[in-house]
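Everything quoted here is computed from the prediction, not taken from an experiment. A, B, ... follow the sequence lines: proteins, then strands. Residue 1 opens every chain.
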2 protein chains.
Amino acid sequence: MTRTATASLASAASAAEDVTRVAVSTVIFSLRRDPGSDCSTVVLPLVRRTRDPHEGLWALPGGWLDIAESLDAAASRTLGETTGLAPSYLEQLYAFGAVDRSPTRVVSIVYWALLRPDEVEGSKDLENVEWFDAASLPRLAFDHNEIVEYALWRLRNKVGYSRIAHGLLADEFTLAELREVYESILGRRLDPANFRRQVEGSGTLLPTDRFRTGSHRPARLYRYNRDVELADLGPLAGFVRKGSS
Amino acid sequence: MTRTATASLASAASAAEDVTRVAVSTVIFSLRRDPGSDCSTVVLPLVRRTRDPHEGLWALPGGWLDIAESLDAAASRTLGETTGLAPSYLEQLYAFGAVDRSPTRVVSIVYWALLRPDEVEGSKDLENVEWFDAASLPRLAFDHNEIVEYALWRLRNKVGYSRIAHGLLADEFTLAELREVYESILGRRLDPANFRRQVEGSGTLLPTDRFRTGSHRPARLYRYNRDVELADLGPLAGFVRKGSS
DNA sequence: CCAAAAGTGTTAGACGTACACCCATGG
DNA sequence: CCATGGGTGTACGTCTAACACTTTTGG
């Protein structure tokens, strides 16, 4: 009745048709400045599949859940192994478990992550990893197109009521740069004056003595106030930190 | 190395120490009117465990994910089997996968549900099912106390920006009853006048010609406008409906 | 008639939006 | 000196909280 005795040895990646396996994938968002234009686009790294289900197609970075690691740890590990990245922000997105989403039964716990521009290094030299514009993706393996859509929806939603935009910026940044993050995600221009007041009044930014020069009038550099949490995770906050730190 | 050949036969509920199994649990919320007082409290049904891990303790209704059913279907099925309930609102909450949350490795996909007062019938006659005040729970099995806390946080959050409160009311209701739902969940009183204007202006309610009599001045009964979705589920909306309908 | 809840009106403050305006620097 | 983005001030409409007020029933 079961074939697990021979199939589920060592690597959990081996196929076992009568067992539900748990995978972990991550949608990693970052921003890329459009050359010439003064706006950015949302980009994400994908991995080209080298094995049978959907071989050759692009897919989200991920892998199998190890029996001795938490879901958070599995997300960090698998995205590091496949892309070499270590995002500053990582949060669970959704569990996908339609029966027909893969030839064998796979439940995917999907995470989403934000990457600061200085963290993007490391995925450059890797084979089979490429960055795509989130707005114009090719056909992806499995149900990964829908997953990315959902992650984008969550990103746009959450940027409105939390401070996750900081997860896409380096330590020091100007208000114009922060505003550009919001504009890229929301897809509309924001009033610079009102944006300044809004974000300054929230107490989440610390002004520095340094300025960004190069263009016209120098712009003050701000720093992220780490006393305030990046996003309200609710009662799971300690739980999540425990797993990922 | 593996013992699965003997362990993972037939019922997925049998223990298999070297396989990660997937369970599905649901936090079911409903409201119970406090006798005498004019406010309600959030209550939820729990199931007494009759097997080894945490035998005798109360736990969330749930069960093992079948290999041929989606996560949504598993949530509906398992909560029906254990409590006899069929909630009007069901949404995925979070996937819990700490290594030590159970003696054997179990990843739980947890859902949360809302139950209208007329749907509560059915769990009454069942053995080993009891309703508890959400604010004062006993020690539960596994990590279910944390899970309920998180579900309550989500409920309080979501009631602010969506219309899920209707998932806790019968078809026809007065504005006072709807307001009482919000007050119970948010834990504070709301101004009747402002509440009326807010909810009337949102276009989510349809006034009927019927009135609720009995107390002082009769109150108009309203009906939920089904043209508007209960909650914004994003790109997953169709996905979720497909699974649970 | 009176208490109490249903329902209406009005006001003051908070907040978001639009936009006019000064400031400072590179060219 | 001028174009451009940094930064400030201000006025207007919307939304919300607070509360006075009228209406309609049960007792």
Report the distance from atom CG of B:Leu221 to atom P of C:dG7, rounded to the nearest whole Å. 10 Å
Is there a donor on the side chain of B:Asp191 or the base of D:dA17 sitting less than 3.5 Å from an acceptor on the other? no
5′-ward residue of the pair A:Asn194/A:His216 relative to DNA chain C: A:Asn194
To the nearest angstrom, how far is A:Tyr182 atom OH from C:dG16 atom P? 13 Å
Quick check: on DNA chain D, is the nucleotide nearest A:Arg179 upstream (toward 5') of the one nearest B:Gly214, or the reverse? Name the residue that is more 5'. A:Arg179
Can you tell me the distance, in whole Å, between the CD atom of A:Glu200 and the P atom of D:dG6? 13 Å
Quick one: A:Phe211 CZ to C:dT25 P, roughly how many Å, whole number? 9 Å
Length of the line joining B:Arg220:CZ and C:dG7:P, which is rounded to integer Å: 7 Å
Protein-nucleotide distance (A:Glu177, atom CD; D:dG6, atom P), rounded to Å: 9 Å
Atom CZ of A:Phe195 to atom C1' of D:dT8: distance rounded to whole Å? 17 Å
Given A:Glu183 and A:Arg188, is the salt bridge (Lys or Arg N to Asp or Glu O under 4.0 Å) satisfied, shown in steps? CA-CA 5 Å; A:Glu183 288 176 343; A:Arg188 61 188 169 94; over 6 Å; no
What is the distance from CZ of A:Arg196 to P of C:dC22, rounded to the nearest Å? 18 Å
Between the main-chain N or O of A:Arg220 and the side-chain N or O of A:Thr174, is there a donor-acceptor pair closer than 3.5 Å? no
Which residue, A:Gln198 or B:Pro218, contacts DNA chain C at a nucleotide closer to its 5' end, judged by nearest heavy atom? B:Pro218
Using a heavy-atom cut-off of under 4.0 Å over every strand shown, decide if A:Ala193 touches base, sugar-phosphate, or nothing. base
Go through C:dA6, D:dG26, C:dG26 for me and flag the one nearest to the B:Ala176 side chain. C:dA6
Would you say the base of C:dG9 and the side-chain of B:Arg197 have a donor-acceptor pair closer than 3.5 Å? yes
Students often mix this up, so state it plainly: with edges at 30° and 60°, are the rings of A:Trp153 and A:Tyr150 parallel, tilted or perpendicular? parallel
Record whether the side chain of B:Arg217 comes under 3.5 Å of the base of C:dA6 through a donor-acceptor pair of N or O atoms. yes
For the residue pair A:His166 and A:Phe173, does the interplanar ring angle fall in the parallel (under 30°), tilted (30 to 60°) or perpendicular (over 60°) class? tilted
Does B:Tyr224 reach the main-chain N or O of B:Leu205 with its side chain, forming a donor-acceptor pair under 3.5 Å? no
